Amino acid sequence: MEELVIRDADVVDGSGADAYRADVVVGGGRIVSIVKEAAAAGCQRPKARRELDAEGLVLSPGFVDMHAHSDLALLRDPDHSAKAAQGVTLEVIGQDGLSYAPVDDRTLGEVRRAIAGWNGPGDDIDFDWRTVGEYLDRLDRGIAVNAAYLIPQGTVRALAVGWEDRAATPAELDRMRRLVAEGLEQGAVGMSSGLTYTPGMYARDAELTELCRVVASYGGYFCPHHRSYGAGALEAYTEMVALTREAGCSLHLAHATLNFGVNTGRAPELLTLLDEALAAGSDISLDTYPYTPGCTTLAAVLPSWASEGGPEETLRRLADEETAERVRHHLEVTGSDGCHGVPIEWDTIEISGVHDPALADFVGRTVRESADRRREEPWATARGLLLADRLAPTILQHVGHEENVRAIMRHRVHTGGSDGILQGAKPHPRAYGTFPHYLGRCVRELGVLSLEECVAHLTSRPAARLRLPDRGLVREGYVADLVLFDPATVAAGSTFARPRTLPTGIPYVLVDGRFVIEDGRRTDVLAGRAVRRTPPA
């Protein structure tokens with residue numbers, strides 16, 4: 001007898017097709033059978049050791065978070081309710097070109113300092129890996145949800161070239177090719193980049209193209225945080241489309257949006273660009289989160305030249321009065337490349353987290369608000385905070401446009417990604433709320449997408465991008481990564497005021513056929529594993 005039968009569920013199977021009523025049988029971690037309209041037809045109903053009455057609930061595939069920053073959180077916090085409670089059963093990590101494999105001892109220390117704002121300093125983690133394969137093996141010891149990994153191009157560059165703003169030598173480029181190939185052979189699904197973050201931003205197009213050729217040869221995809229989401233954003237999108245077309249590589253655009261005043265109402269221009277590229281044969285997808293503010297580190301807005309050489313050099317420059325004045329001029333007057341070429345508006349920069357508890361008074365206030373309280377200029381406040389907290393502060397950046405967000409999420413190649421940073425006292429609510437926010441706010445309240453279409457965006461489309469042949473649909477033989485939610489009540493509990501509040505209306509989540517959320521509560525099950533790249537046929 002099988003382990004579980006889910007009775008009378010309204011199945012939204014992830015394909016985009018209309019919902020149907022069915023009994024779904026689970027056994028051995030997979031969907032064993034689907035019996036449609038069993039009760040109405042009066043036919044013999046399937047039996048199992050356990051029966052779950054799903055009357056009034058939608059059964060869908062587990063949600064795939066195509067852009068997650070849980071690289072250390074998965075190891076640090078086995079509970080991981082921030083994602084499990086949303087119905088996320090698979091996260092894609094290694095994002096924005098910076099993560100923790102492949103590394104050597106030097107690079108690991110540099111990367112830990114550079115992205116402490118994303119993942120914490122890591123003092124509580126035993127970094128007992130150096131290669132991609134070793135990191136994936138570490139995940140296989142047991143995590144709350146599944147995880148796939150992108151090779152971080154910036155980390156690869158730091159390992160082969162360093163943190164200098166220069167072209168790679170032929171020997172360095174060869175080493176980067178080998179590192180990318182080795183990571184893909186060990187199970188990575190593609191390569192990410194952070195082209196407004198050092199040192200990845202120092203790579204020229206020719207270098208990126210060569211690395212993308214390697215990614216393409218293994219059937220992976222390139223996931224760039226491209227060079228601008230502000231001034232020059234459309235040109236930056238065009239650059240990525242052209243680069244991957246030349247390399248013959250699949251393209252997935254990370255947190256694809258258009259921000260700042262210069263891009264108000266310009267989403268149709270981006271969608272036209274994508275439609276033309278798709279019609280010409282490019283393989284493109286994208287992800288977004290359904291909120292307008294962004295989230296990153298305060299150090300990320302600095303001009304790239306200020307970050308050359310790594311975190312310690314950045315701190316040295318900030319401590320020097322003359323150099324710090326040059327930084328201020330780039331931020332406030334000319335527009336820093338770290339701030340997407342737009343002169344910074346300090347009243348849009350809200351501090352969301354600090355590492356040093358003594359600095360907690362800054363959290364929840366904009367830089368301008370804190371500056372006014374301290375009776376100093378905003379740059380003096382920002383600079384002092386960066387120095388005192390050693391580049392660790394995280395920020396919310398209130399620069400988005402609702403009309404752009406809604407237009408992009410309707411596109412046929414769109415998928416969902418939280419871009420969720422779990423660190424800080426006041427993280428962006430997208431970390432805890434992206435997927436129920438799609439279902440509750442965007443579907444039920446606003447009607448931006450139908451329920452069936454939205455579920456397809458969050459399940460089968462990302463599974464197809466990841467080349468996972470047995471995930472992303474409610475189908476017989478598929479892995480039983482499943483979510484049961486109430487379409488009338490599902491909603492994000494997280495808000496900007498209370499960002500760590502868990503969602504409502506998602507009572508059951510299964511990973512590999514095992515309950516990680518049961519009756520709305522997290523179980524102690526650690527059914528997740530590393531999901532490795534499927535070689536091309």
Side-chain angles (χ1 to χ4, degrees), residues 62-86 88-105 107-152 154-156 158-159 183 186-189 192 295 297 353 355 392 394 417-425 427 431-432 466 481 500 502 509 511-512 514 516-517 522-533:
F63 306 135
V64 180
D65 189 341
M66 285 295 287
H67 193 104
H69 287 285
S70 303
D71 306 48
L72 298 186
L74 283 163
L75 304 178
R76 175 185 294 122
D77 177 19
D79 183 76
H80 206 47
S81 289
K83 294 301 179 67
Q86 294 185 59
V88 171
T89 58
L90 171 61
E91 298 183 284
V92 185
I93 56 178
Q95 298 285 352
D96 293 332
L98 287 167
S99 189
Y100 306 94
V103 292
D104 57 15
D105 291 348
T107 307
L108 176 61
E110 293 167 345
V111 169
R112 285 177 61 182
R113 288 191 295 276
I115 55 175
W118 294 355
N119 300 298
D123 297 337
D124 54 344
I125 301 294
D126 179 11
F127 289 89
D128 60 351
W129 69 85
R130 292 297 180 268
T131 69
V132 170
E134 289 168 349
Y135 175 65
L136 298 182
D137 288 344
R138 176 69 179 274
L139 297 177
D140 277 342
R141 296 180 195 174
I143 50 181
V145 303
N146 298 305
Y149 189 72
L150 293 166
I151 301 164
T155 300
V156 166
L159 188 56
Q186 291 164 11
V189 295
S192 74
C295 179
T297 62
H355 176 59
T394 53
S418 71
D419 197 12
I421 294 174
L422 300 170
Q423 293 297 304
Y432 284 73
L466 295 168
D481 291 348
R500 296 185 187 276
L502 295 178
V509 180
V511 174
D512 195 35
R514 301 164 66 191
V516 296
I517 300 291
R522 179 69 174 91
T523 70
D524 60 0
V525 169
L526 297 177
R529 296 292 185 271
V531 174
R532 290 165 168 83
R533 179 188 59 85

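None of the values given here were measured: they were computed from a predicted structure.
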Closest approach of [X] to [Y] (non-hydrogen atoms, all atoms of both residues):
X	Y	answer
L72	G120	CD1-O, 4.3 Å
P121	H355	CG-CE1, 3.5 Å
A68	E91	CB-OE2, 3.4 Å
A84	I517	O-CG1, 3.6 Å
D140	A530	OD1-N, 2.9 Å

Subject >> Salt-bridge contact R76-D123 (side-chain N to carboxylate O under 4.0 Å) >> reply: no
Original post:
Using 4.0 Å as the upper bound for N to carboxylate O, is an ion pair formed by R130 and D105?
Top reply: yes
[X] side-chain N/O to [Y] backbone N/O, donor-acceptor pair under 3.5 Å:
X	Y	result
N146	V531	no
E110	T155	no
D481	G62	no
R522	D79	yes
D512	R514	no
T394	G353	yes
E134	T131	yes

Original post:
Considering residues at least two apart in sequence or located in another chain, which fulfil the side chain to side chain contact (heavy atoms under 4.5 Å, CB included) criterion with L502?
Top reply: S81, A85, Y432
Between [Y] and [X], is there a side-chain heavy-atom distance shorter than 4.5 Å?
X	Y	answer
L90	V145	no
I93	S99	no
K83	L74	no
D96	W118	yes
M66	L466	yes
L139	L136	yes
P78	I143	no
P427	I421	no

Subject >> Rounded distance (nearest 0.5 Å) linking atom CZ of R138 with atom CG of D126 >> reply: 5.5 Å
Original post:
CG/D524 to CG/L526 distance, rounded to the nearest 0.5 angstrom?
Top reply: 7.5 Å
Original post:
For L150 and V92, what are the C-alpha separation, side-chain angles and deciding distance, and is it a side-chain contact (heavy atoms from CB on, under 4.5 Å)?
Top reply: CA-CA 7 Å; L150 293 166; V92 185; 3.9 Å; yes
Original post:
By ring pair (Phe, Tyr, Trp, His ring centres under 6.0 Å), which residues pair with Y135, not counting sequence neighbours?
Top reply: W129, Y149
Subject >> Criterion side-chain hydrogen bond (donor to acceptor under 3.5 Å, both in side chains) on Q95 and S192, from CA distance to verdict >> reply: CA-CA 6 Å; Q95 298 285 352; S192 74; 5.3 Å; no
**OP:** Sort out for me which residue in I115, L98, N119, I125 forms a side-chain contact (heavy atoms from CB on, under 4.5 Å) with D71.
**Re:** N119
**OP:** With sequence neighbours excluded, tell me which residues meet side-chain hydrogen bond (donor to acceptor under 3.5 Å, both in side chains) with D419.
**Re:** H67, H69, R430
**OP:** In sequence, state the C-alpha distance, the side-chain angles, and the governing distance for L422 and H80, and then conclude on side-chain contact (heavy atoms from CB on, under 4.5 Å).
**Re:** CA-CA 10 Å; L422 300 170; H80 206 47; 3.9 Å; yes
